[in-house]
Amino acid sequence: AMAKAVVQYGSGRVATRFNGDTTHVVLATSGNCLVEPSLEYLQGLAAGVWIVSVKWIEECFMNGALVPEDAFEIKGDSVVQNEAPRRSRLARIEGGNLFQGLAVTFDSALPITTRDMLAQTMALAGACILNDSNSSLPDHVGCNHIYRVVAADYCPAIGSTAATSSAHTVSADWPVHCLLHYRVSTPLNISSNSVD
C-alpha cells in the first residue's frame, strides 16, 4: 500500500510484471543492500533500470516526495557483490546493452516458460532473438555471434546440426551468469565448436 501511494504521488504506476515502461525495480534487501537473485532482479539488470531497496519507498513516503535513488541502489546479489545494478544502469545511459551484437536461438527441448523468460530478458539486454537455429547472421544487422541456449543436460548427437553449427552452444545458466556479473563471459561451449 505504501509503495502504491508513493509511486502514484510521483505520477507513476505499480506494475506486477516487468514491462517496457518499468523505470524502477523495488526489492527487499539484506542489511547491506544485497538481494537474492530473482526474475525481477535479472530483468532490471537486463533493462538497465534503477534497482532499489524497499527503503527507498519508505524514505519517499516519510519525505512526502521522491528522493534520489543513489543511496538505496542495490549493490548486487547474495552471491555476486559487484554493483551490477549500477553498472547496468550506467551502460544503458551510455547507450550500451550487455547482449548487444549477440543473436540468440533456443533449443526446442527447453521448457517453454524457460525459453520465454530467457528470450524476454536477453532481448531487454539487447540480444537479437532468432526464431530458429537455422537463422543466419546476415539477416540481423549488428549481430556478430550466434548463441544457442540449451538445457543443462543437453548432449548433441554426433553429426547433428547442433554439433556442426557455427553457433556457440551454451546452457540456460550462461545468460543468467552473465547478467549477475554484468559482463559477457566466455561461454563454456557444450558442443565441440571452438570459442572465439
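If you're wondering where the values come from, they're calculated on a predicted model, not measured in any experiment. Values below: every heavy atom of this structure, side chains too, minus hydrogens, waters and symmetry copies.
Taking CG from Leu124 and OG from Ser88, the interatomic distance works out to 11.0 Å, rounded to the nearest 0.5 Å. Between the CD1 atom of Ile146 and the CG atom of Leu102 there is a distance of 10.5 Å, given to the nearest 0.5 Å. Atom-to-atom distance recorded for Lys75:NZ and Ser30:OG is 11.5 Å, nearest 0.5 angstrom. Separation of atoms CZ (Arg86) and CD (Glu69) is listed at 14.0 Å; rounding is to 0.5 Å. Distance check, rounded to the nearest 0.5 Å: CD of Gln43 to CE of Met122 gives 13.0 Å. A distance of 4.5 Å separates SG of Cys178 from CZ of Phe99, quoted to the nearest 0.5 Å.
Nearest approach of Ala84 to Tyr182, heavy atoms of both residues: CB-CB, 3.9 Å. Of all the heavy atoms in Ala127 and Val104, the pair that sits closest is CB-CG2, 3.9 Å. In this structure, Glu73 and Cys33 approach most closely via the heavy-atom pair O-SG, 3.7 Å.
Asn19 is listed as a side-chain neighbour of Thr22, based on a closest heavy-atom distance under 4.5 Å. Looking at heavy atoms from C-beta onward, Leu130 lies out of side-chain contact with Phe106 at the 4.5 angstrom threshold. Looking at heavy atoms from C-beta onward, Trp56 lies in side-chain contact with Val67 at the 4.5 angstrom threshold. Between Ile74 and Leu34, every side-chain heavy-atom pair lies at or beyond the 4.5 Å cut-off. Using a 4.5 Å cut-off on side-chain heavy atoms (C-beta onward), Leu27 and Ile51 make contact. Annotation: side chain of Thr169 is not in contact with side chain of Trp174 (no heavy-atom distance under 4.5 Å). The side-chain heavy atoms of Thr121 and Leu39, taken from C-beta on, include a pair separated by under 4.5 Å. For the pair Trp50 and Pro85, the minimum side-chain heavy-atom distance is 4.5 Å or more.
Under a 4.5 Å side-chain heavy-atom criterion applied to ILVMFWY residues, the cluster that includes Ile112 comprises that residue alone.
The salt bridge (Lys or Arg N to Asp or Glu O under 4.0 Å) contacts involving residues 28-55 comprise nothing, where partners must be two or more places apart or lie in separate chains.
Asp77 places a side-chain N or O within 3.5 Å of a backbone atom of Val80 that can act as its donor or acceptor partner. The closest donor-acceptor contact from the side chain of Asp107 to the backbone of Val149 lies at 3.5 Å or more, if one exists at all. Of the possible donor and acceptor atoms, one in the side chain of His181 sits under 3.5 Å from a partner among the backbone N and O of His177. Using modelled atom types, no side-chain atom of Arg148 and backbone atom of Thr105 make a donor-acceptor pair closer than 3.5 Å.
Using cut-offs of 30° and 60° for the angle between ring planes, the His168 and Tyr147 rings count as tilted.
A donor-acceptor contact under 3.5 angstrom links the side chains of Glu59 and Asn63, judged on distance only.
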Original post:
Under the side-chain contact (heavy atoms from CB on, under 4.5 Å) criterion, do Phe18 and Val49 qualify, and how do the steps go?
Top reply: CA-CA 11 Å; Phe18 197 95; Val49 299; 4.1 Å; yes

Subject >> Check against side-chain contact (heavy atoms from CB on, under 4.5 Å), Asn82 and Arg87 >> reply: CA-CA 9 Å; Asn82 63 358; Arg87 293 184 323 169; 3.4 Å; yes

Original post:
Given Val150 and Val170, is the side-chain contact (heavy atoms from CB on, under 4.5 Å) satisfied, shown in steps?
Top reply: CA-CA 6 Å; Val150 298; Val170 297; over 6 Å; no

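In this structure, Leu90 is not a member of the same hydrophobic cluster as Leu45, with clusters built from ILVMFWY side-chain heavy atoms closer than 4.5 Å.
Arg92 CZ: more than 12 foreign heavy atoms inside a 6.0 Å radius.
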